[in-house]
Amino acid sequence: MSEFRGKCPEDAGFATKCLYAGQEPDPTTGARTCPLTMSTGFVFKDSEDAAAKFALKAFGPIYTRITNPTSDAVEKKISALEGGMAALAVSCGHSAQLLAFSNLMNPGDHLVTTNKLYGGTVTQFSRQFKQFGWESTFVSHDDFEGVEKAITEKTKAVYCEAIANPGGLVIDLEKLSAIAHKHGLPLIVDNTTATPYLVRPFEFGADIIVHSATKALGGHGNAMGGFIVEKGDFDWGSGKFPILSEPCDSYHGLKIYETFGKDGPVADMFGTKGKTGLSFVIAARTLGLRDMGMCISPFNAFLISMGMETLPLRMRKHCDNTLAVAKFLKGHDKISWVRYAGLEGDSSHELAKKYCPKGAGALFTFGLKGGYPAGKKLVDTVQMISLVANLGDSRTLIAHPASMMHSQLTEEQRKAAGAETETIRISIGLEDEEDIIADLKKALDQV
């Protein structure tokens with residue numbers, strides 16, 4: 001009996017992968033769109049099948065908290081788009097970060113991060129992680145000597161955002177990865193703002209990528225989700241990462257890296273032995289996700305996967321619109337400054353040409369000459385543009401970080417993150433650029 005065609009070519013381009021990667025026509029019905037599997041549990045063939053899956057001796061769905069066919073499909077899609085070996089879908093970006101570090105950190109351990117970050121990440125690292133006994137050191141995004149000096153014997157990773165939120169700064173991934181690897185550490189990169197359409201962190205030395213899929217990957221502001229993506233070639237067996245390398249009591253002494261790493265039997269099964277494995281994602285799924293439970297809803301996985309199908313089209317339009325709006329604001333007499341890497345003369349412009357030549361993204365910040373009162377007046381006066389604490393939406397969104405996403409930070413922390421009191425953050429959508437500019441112009445006329 002012949003199989004359905006309609007499969008992703010092995011040498012597919014990026015846009016083709018957005019449509020086909022991770023999912024083949026349903027073998028029973030031939031459904032072209034990935035089916036939405038709304039089932040909490042899955043039937044085992046027999047007790048031996050169940051035992052093998054629980055013991056990590058066989059792959060396959062057990063319970064939707066751990067995996068689900070719809071989630072599995074979108075995991076394979078983001079892995080293909082990033083050029084990774086494997087991925088894990090979770091409930092949101094914060095969950096992805098927490099799970100990623102739970103693979104590496106024990107009480108007393110430490111991470112080094114750049115300080116140009118989403119405000120929620122700053123509070124997660126500086127408050128919640130501290131509650132776990134995990135310490136964080138924040139260093140300026142371009143202070144590479146400071147990053148290296150901050151590394152201690154307890155450091156488990158170096159972290160950054162590829163394009164930093166809120167300022168849209170482009171980070172020098174190659175320099176950070178060189179420092180991390182010199183000390184036997186992974187570079188973990190949040191690629192939310194850029195998406196793999198604009199920046200491919202694995203090509204510049206990253207080892208793990210995390211995403212808030214809620215943002216540009218989903219693209220429509222209708223579903224929460226997050227991803228962890230593993231490149232697969234990092235050596236977790238150096239002794240620095242006992243959660244991955246040492247015997248795991250809950251699996252009767254199984255060594256996760258030895259079994260699922262690049263030199264293990266599972267990599268041999270996939271035909272990638274000596275090159276790539278999936279031990280990081282397996283640990284995140286079968287330890288952290290199993291125990292903490294921040295699973296993605298299959299419905300959200302379905303919506304995010306649908307959004308990812310149009311990612312190249314949307315990101316091109318986002319970048320075109322954003323450059324036009326940034327140029328308009330830069331030339332306006334009531335604007336004191338604009339930070340956007342797509343603008344010539346911007347501090348990140350040269351890095352943008354290297355890391356994201358297709359465009360500098362949809363996010364940037366600006367300040368008004370009237371300071372805080374003028375900024376507040378602007379966000380309260382726009383009519384089409386929405387005052388929303390989100391980014392990467394199909395609609396243009398505006399925010400005042402100092403009173404919103406970064407409000408729980410000190411003024412010193414806000415300044416370090418690029419969210420000074422007068423800062424306005426804008427995430428440009430897919431509207432006609434003339435309409436976005438007209439709305440801003442009318443609001444600025446009233447400031």
Side-chain angles (χ1 to χ4, degrees), residues 3-8 12 15-45 49-50 53-54 56 58-82 84-96 99-100 192 195-196 209-230 270 278 281-282 284-286 288-290 292-311 314 392:
E3 294 182 349
F4 292 113
R5 296 185 297 278
K7 299 179 180 180
C8 189
T16 303
K17 288 178 182 177
C18 285
L19 294 165
Y20 291 95
Q23 189 261 333
E24 298 178 356
D26 185 271
T28 302
T29 66
R32 176 62 274 181
T33 299
C34 179
L36 173 56
T37 305
M38 295 299 289
S39 180
T40 55
F42 300 88
V43 177
F44 302 108
K45 295 176 183 177
D49 178 44
K53 288 174 179 174
F54 273 97
L56 307 185
F59 290 103
I62 296 173
Y63 189 66
T64 284
R65 172 157 44 86
I66 309 299
T67 189
N68 172 283
T70 309
S71 306
D72 179 71
V74 77
E75 289 167 353
K76 289 175 180 174
K77 181 177 289 188
I78 188 61
S79 182
L81 296 180
E82 288 286 15
M85 177 64 183
L88 173 62
V90 293
S91 59
C92 64
H94 257 32
S95 295
L99 270 180
T192 296
T195 80
I209 293 170
V210 294
H211 280 279
S212 171
T214 312
K215 311 301 192 297
L217 287 176
H220 296 83
N222 59 6
M224 299 282 285
F227 291 121
I228 300 171
V229 190
E230 176 179 9
F270 280 101
L278 60 161
V281 160
I282 289 290
R285 186 186 303 280
T286 63
L289 185 60
R290 177 197 68 182
M292 292 187 283
M294 57 277 276
C295 58
I296 191 169
S297 157
F299 185 54
N300 284 13
F302 176 84
L303 291 174
I304 290 166
S305 183
M306 292 299 98
M308 290 167 67
E309 291 192 354
T310 59
L311 181 64
R314 290 187 289 104

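Residue numbers count from 1 along this sequence. Keep in mind that the numbers below use all heavy atoms, side chains included, and drop hydrogens, waters and symmetry copies.
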Calculate, to the nearest 0.5 Å, the distance between atoms [atom1] and [atom2] belonging to [X] and [Y] respectively.
X	Y	atom1	atom2	answer
Leu278	Met85	CG	CE	5.0 Å
Ile62	Arg290	CD1	CZ	10.5 Å
Ile66	Phe54	CD1	CZ	8.5 Å
Glu24	Arg5	CD	CZ	13.5 Å
Ser297	Met38	OG	CE	5.0 Å
Gln23	Thr33	CD	OG1	7.0 Å

Is it true that atom [atom1] of [X] has more than 12 heavy atoms of other residues, nucleotides or ligands lying nearer than 6.0 Å?
X	atom1	value
Lys53	NZ	yes
Phe299	CZ	no
Tyr20	OH	no

Looking at [X] and [Y], what are the two nearest heavy atoms and their distance?
X	Y	answer
Ser71	Pro298	OG-CA, 4.4 Å
Pro25	Gly30	CB-O, 4.1 Å
Ile304	Ala223	CG1-CB, 4.1 Å
Gly225	Thr214	N-OG1, 3.1 Å
Asn68	Ser39	ND2-O, 3.8 Å
Leu99	Met294	CG-SD, 3.8 Å

Within the side chain of Thr67, is there an N or O that forms a donor-acceptor pair under 3.5 Å with the backbone of Pro61? no

Keeping the roles fixed (side chain from Ser91, backbone from Gly226), state whether a donor-acceptor pair exists under 3.5 Å.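 Not at all, since once roles are kept as given, no pair shorter than 3.5 Å links the two residues.
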
[Y] side chain reached by [X] side chain, heavy atoms, under 4.5 Å:
X	Y	value
Leu217	Pro196	yes
Leu303	His220	no
Glu82	Glu230	no

Worked verdict on Lys76 versus Lys17 for side-chain contact (heavy atoms from CB on, under 4.5 Å): CA-CA 10 Å; Lys76 289 175 180 174; Lys17 288 178 182 177; over 6 Å; no

Do Val74 and Phe302 pass the side-chain contact (heavy atoms from CB on, under 4.5 Å) test, and can you show the C-alpha distance, the side-chain angles, and the key distance before you say yes or no? CA-CA 8 Å; Val74 77; Phe302 176 84; over 6 Å; no

Yes or no on side-chain contact (heavy atoms from CB on, under 4.5 Å) for Glu309 and Lys77, after CA distance, side-chain angles and deciding distance? CA-CA 10 Å; Glu309 291 192 354; Lys77 181 177 289 188; 3.7 Å; yes

Tell me, with the steps shown, if Met308 and Thr195 meet side-chain contact (heavy atoms from CB on, under 4.5 Å). CA-CA 10 Å; Met308 290 167 67; Thr195 80; over 6 Å; no

Residue among Ile78, Asp72, Val229, Leu289 satisfying side-chain contact (heavy atoms from CB on, under 4.5 Å) with Leu88: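 In the set Ile78, Asp72, Val229, Leu289, the residue that makes a side-chain contact (heavy atoms from CB on, under 4.5 Å) with Leu88 is Leu289.
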
Quick one: sort the His211 and Phe227 rings into parallel, tilted or perpendicular, breaks at 30° and 60°.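 Perpendicular, since the angle between the ring planes exceeds 60°.
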
